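Since the structure is predicted, the reported quantities are computational estimates derived from the model, not experimental observations. Both backbone and side-chain heavy atoms feed into the values below; hydrogens, waters and symmetry mates do not.
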Amino acid sequence: MKRLYCFLGFLLLAARLPLDAAKRFHDVLSNGRTSGSGRECNRLNGWSSDENEWNEHLYPVWRRGDPRWNDSWKGGHVKAVLTSDSPALVGSNITFVVTLVLPRCQKEDDSGNIVYEKNCRNGTGPPSDPYVYKWTAGAEDGDRENGADQSYHVFPDGRPFPHHHRRRGCNLIYIFHTLGQYYQKLGRCSASVSVNTANITLGPQLMEVAVYRRRGRTYVPIAKVKDTYVVTDQIPISVTMSQKNDRNASDETFLRDIPIIFDVFVHDPSHFLNQSAINYKWNFGDNTGLFVSMNHTLNHTYVLNGTFGLNLTVQALVPGPCAPPTPRPPKPTRSSSPPGDRPLLWAGTPGERCQIDRDGYFTTRLTIVDGILEVDIIETKEVVMPVPQSGDPLMDFVVACQGTSPTEVCTTVADPTCQVAQDTVCHPADVGDGDACLLTVRRAFAGAGTYCLNLTLGDDASLALASTLVSVPGRNPGHSVSMAGGALASVGCLAVIVAVIALLVYKKRKEYRPIENSTGIKGNGLNIFLEQAKVKFFPGTQEKDPLLKNQQGSL
């Protein structure tokens with residue numbers, strides 16, 4: 001009998017030797033490490049056990065530092081980037097995306113071929129062939145698909161590729177590996193896979209991906225990547241807080257007497273909670289009580305300064321299948337049979353839908369301080385200079401504010417639509433004595449026209465903004481008008497004087513011949529001068545008639 005046991009043991013050992021010599025998926029994808037316990041508890045739909053054999057002849061395995069990596073891709077090394085929409089609420093789907101970063105001057109075209117980018121030089125000059133890998137050519141390394149052996153169109157576990165895979169431009173092989181299972185698929189320079197987390201153990205898990213490309217009748221590795229993802233039974237949430245006039249929302253310091261807007265973001269990329277009733281329970285820590293809302297946004301105003309603890313609970317009732325029924329003891333009867341022989345009754349109805357309660361939590365501490373509450377431009381006036389000066393026109397703005405006194409004032413001049421800013425000027429705020437927050441801000445403008453002025457008052461915790469449209473006139477328009485009027489008057493007077501002098505000189509030199517048969521013009525030279533002036537300045541007389549000129553003969 002002892003010899004028989006030894007012989008059976010020898011047979012079992014001999015039968016195990018080929019299995020031990022063959023590569024397994026976990027040997028390739030986990031660097032020989034086991035994937036941990038709980039394989040049976042983490043069954044993924046559509047995934048295979050990494051205890052399956054890996055075809056190392058068709059898919060060679062290279063360790064880190066192997067010199068063959070240098071020739072796995074033309075023109076350099078390929079980097080793989082793995083991302084996921086983790087964390088995932090248990091029961092929801094989590095999606096993983098692998099993206100390849102190609103060497104410089106290479107890209108994927110619309111057909112899935114790898115080509116060189118135009119007008120890009122990688123240090124060796126422009127290539128003669130525009131293709132790095134022309135997958136759609138139907139041939140690579142002298143191999144043609146039509147009529148050729150298709151035995152190598154398989155995945156590492158021997159399963160055949162999908163039919164007409166090359167027509168879709170999918171020429172890279174992606175093997176995803178997690179929780180002792182793998183999933184293999186074809187893709188281009190990016191591939192994704194989604195996994196339901198209902199059977200995944202809570203906590204951080206590891207996803208690894210190996211990428212291969214075809215080379216002749218075999219495949220070579222081009223990249224490996226891994227990343228951690230998290231499965232949780234608490235709803236992943238985040239809260240953004242914003243407030244008017246708050247200078248920096250990220251420091252969790254806000255202003256008293258101004259509403260704070262709280263906006264809750266539920267991280268649910270697979271829309272697992274779309275059919276769930278979600279409640280938001282707020283406790284702001286200022287003795288105002290508990291606020292319950294079904295809206296993800298809420299406003300709250302703190303009326304006292306200090307530090308307050310904010311607590312938020314998000315509760316969702318997720319519809320889903322009921323848990324397996326639990327046995328309950330039967331009702332007591334007068335039967336004489338012993339209790340152990342009585343059948344057990346089950347609680348719950350088969351196929352019944354239940355609701356699972358899932359919660360999410362957010363806590364933080366807020367500091368409430370005084371700040372600038374309001375700012376208003378109450379007056380705008382032109383700065384009139386006493387004497388003409390060159391330079392930009394100036395405007396004064398009288399500004400009133402509420403709250404604490406500002407320490408800084410900034411003005412930004414923009415176009416009339418308030419869209420295109422031209423320049424910004426900041427300087428310390430000069431607030432007058434007393435309780436009132438009142439100051440005058442002077443601003444220079446680049447010439448006459450209409451501008452949009454944004455004025456900001458600030459201190460360590462707050463910023464308050466006011467805007468106005470301002471029409472800027474030219475430099476001292478009243479003075480310019482008076483100067484122009486005086487100049488015009490001077491020119492007019494000078495013209496009259498010159499005309500009178502010219503007339504006198506002309507009349508003095510020109511001979512005057514009296515009209516024949518006229519008896520109304522006699523006397524000395526003074527009378528003659530007066531009559532001549534009368535004719536010139538009083539055109540109503542008949543002596544301006546063109547017939548009354550110094551011509552020979554008489555009328």
Side-chain angles (χ1 to χ4, degrees), residues 236-267 280-293 295-314 360-378 397-414 418-419 421 423-432 435-439 441 443 452-468:
I237 62 174
S238 60
V239 180
T240 61
M241 296 168 282
S242 60
Q243 183 188 43
K244 178 185 175 182
N245 296 354
D246 181 42
R247 185 156 195 155
N248 183 10
S250 62
D251 63 359
E252 298 185 344
T253 298
F254 296 93
L255 310 179
R256 178 171 61 91
D257 294 331
I258 297 181
I260 305 174
I261 302 175
F262 298 90
D263 193 356
V264 184
F265 174 74
V266 176
H267 181 71
Y280 303 87
K281 301 179 180 180
W282 299 87
N283 187 337
F284 295 99
D286 57 352
N287 296 324
T288 54
L290 181 67
F291 295 85
V292 180
S293 172
N295 196 329
H296 63 91
T297 62
L298 186 69
N299 296 351
H300 184 74
T301 303
Y302 287 90
V303 298
L304 298 175
N305 292 349
T307 302
F308 303 90
L310 169 66
N311 290 277
L312 167 66
T313 300
V314 178
Y361 305 95
F362 175 82
T363 61
T364 189
R365 297 190 69 81
L366 305 181
T367 301
I368 307 301
V369 298
D370 289 325
I372 304 171
L373 304 181
E374 295 289 342
V375 59
D376 188 26
I377 301 174
I378 60 177
F397 302 90
V398 181
V399 182
C401 57
Q402 298 178 14
T404 59
S405 296
T407 59
E408 181 185 47
V409 56
C410 293
T411 52
T412 300
V413 176
C418 298
Q419 299 296 320
D423 65 292
T424 301
V425 176
C426 296
H427 53 81
D430 184 12
V431 181
D435 297 334
C437 176
L438 195 67
L439 68 158
V441 180
R443 189 63 160 86
C452 174
L453 180 80
N454 291 328
L455 187 145
T456 305
L457 301 181
D459 59 11
D460 292 340
S462 58
L463 285 174
L465 172 68
S467 299
T468 185

To the nearest 0.5 Å, atom CD1 of Ile378 lies from atom SG of Cys401 at 10.0 Å
For Leu255 and Asn245 the tightest heavy-atom approach is CD1-O, 3.6 Å
In this structure, CZ of Arg256 is separated from CD1 of Ile368 (nearest 0.5 Å) by 10.5 Å
Nearest heavy-atom approach of Ala464 to Ile372 is CB-CG2, 3.6 Å
Quick note, salt bridge (Lys or Arg N to Asp or Glu O under 4.0 Å) partners involving residues 238-253, not counting sequence neighbours, are Lys244-Glu374, Arg247-Glu408
Take Leu439 and Leu457, measure what side-chain contact (heavy atoms from CB on, under 4.5 Å) needs, and give me the verdict at the end. CA-CA 11 Å; Leu439 68 158; Leu457 301 181; 4.2 Å; yes
All heavy atoms of Val369 vs all of Ala461, minimum pair found to be CG2-CB, 3.8 Å
CG (Asn295) and OH (Tyr280) are apart, to the nearest 0.5 Å, by 7.5 Å
Using only heavy-atom distances, determine whether the side chains of Asp286 and Thr288 contain a donor-acceptor pair under 3.5 Å.
-> yes
Between Val413 and Leu453 the two heavy atoms that sit nearest each other are CG2-CD1, 4.0 Å
Exercise. Between the side chain of Thr407 and the main-chain N/O of Gly458, is any donor-acceptor distance below 3.5 Å?
Worked result: yes
Inset, instruction - Using distance alone, with no hydrogens and no angle criterion, decide if Asn454 and Ser467 have a side-chain donor and acceptor under 3.5 Å apart. - result: yes
*Could you tell me how the ring of His300 sits relative to the ring of Tyr302: parallel (under 30°), tilted (30 to 60°) or perpendicular (over 60°)?*
perpendicular
Value for CG (Leu465) from OG1 (Thr456), rounded to nearest 0.5 Å, stands at 4.5 Å
- What is the ring orientation for Phe262 with Phe284, classed by angle as parallel under 30°, tilted 30 to 60°, or perpendicular over 60°? tilted
Which of Asn283, Asn311, Thr313 passes side chain to side chain contact (heavy atoms under 4.5 Å, CB included) with Thr363? Answer is Asn311
Just checking Asn248: does its CG atom have more than 12 heavy atoms from other residues, nucleotides or ligands closer to it than 6.0 angstrom? yes
Nearest heavy-atom contact between Asp459 and Gly371 is OD2-CA, 4.1 Å
Does the side chain of Leu366 come within less than 4.5 Å of Phe254's, by heavy atoms? yes
- Query: Can you find a heavy atom in the side chain of Val266 that is under 4.5 Å from one in the side chain of His296?
  - Reply: no
With side chains defined as the heavy atoms from C-beta onward, is the minimum distance between Leu312 and Ile237 less than 4.5 Å? yes
Taken to the nearest 0.5 Å, the spacing of Leu373 CG from Thr404 OG1 works out to 7.5 Å
Rounding to 0.5 Å, atoms CD1 (Ile258) and CG (Asn299) come to a distance of 12.5 Å
Scanning both residues in full, the closest heavy-atom pair of Leu290 with Trp282 reads CD1-O, 3.1 Å
Contacts of Asp376 meeting side-chain hydrogen bond (donor to acceptor under 3.5 Å, both in side chains) (sequence neighbours excluded), chain-then-number -> none
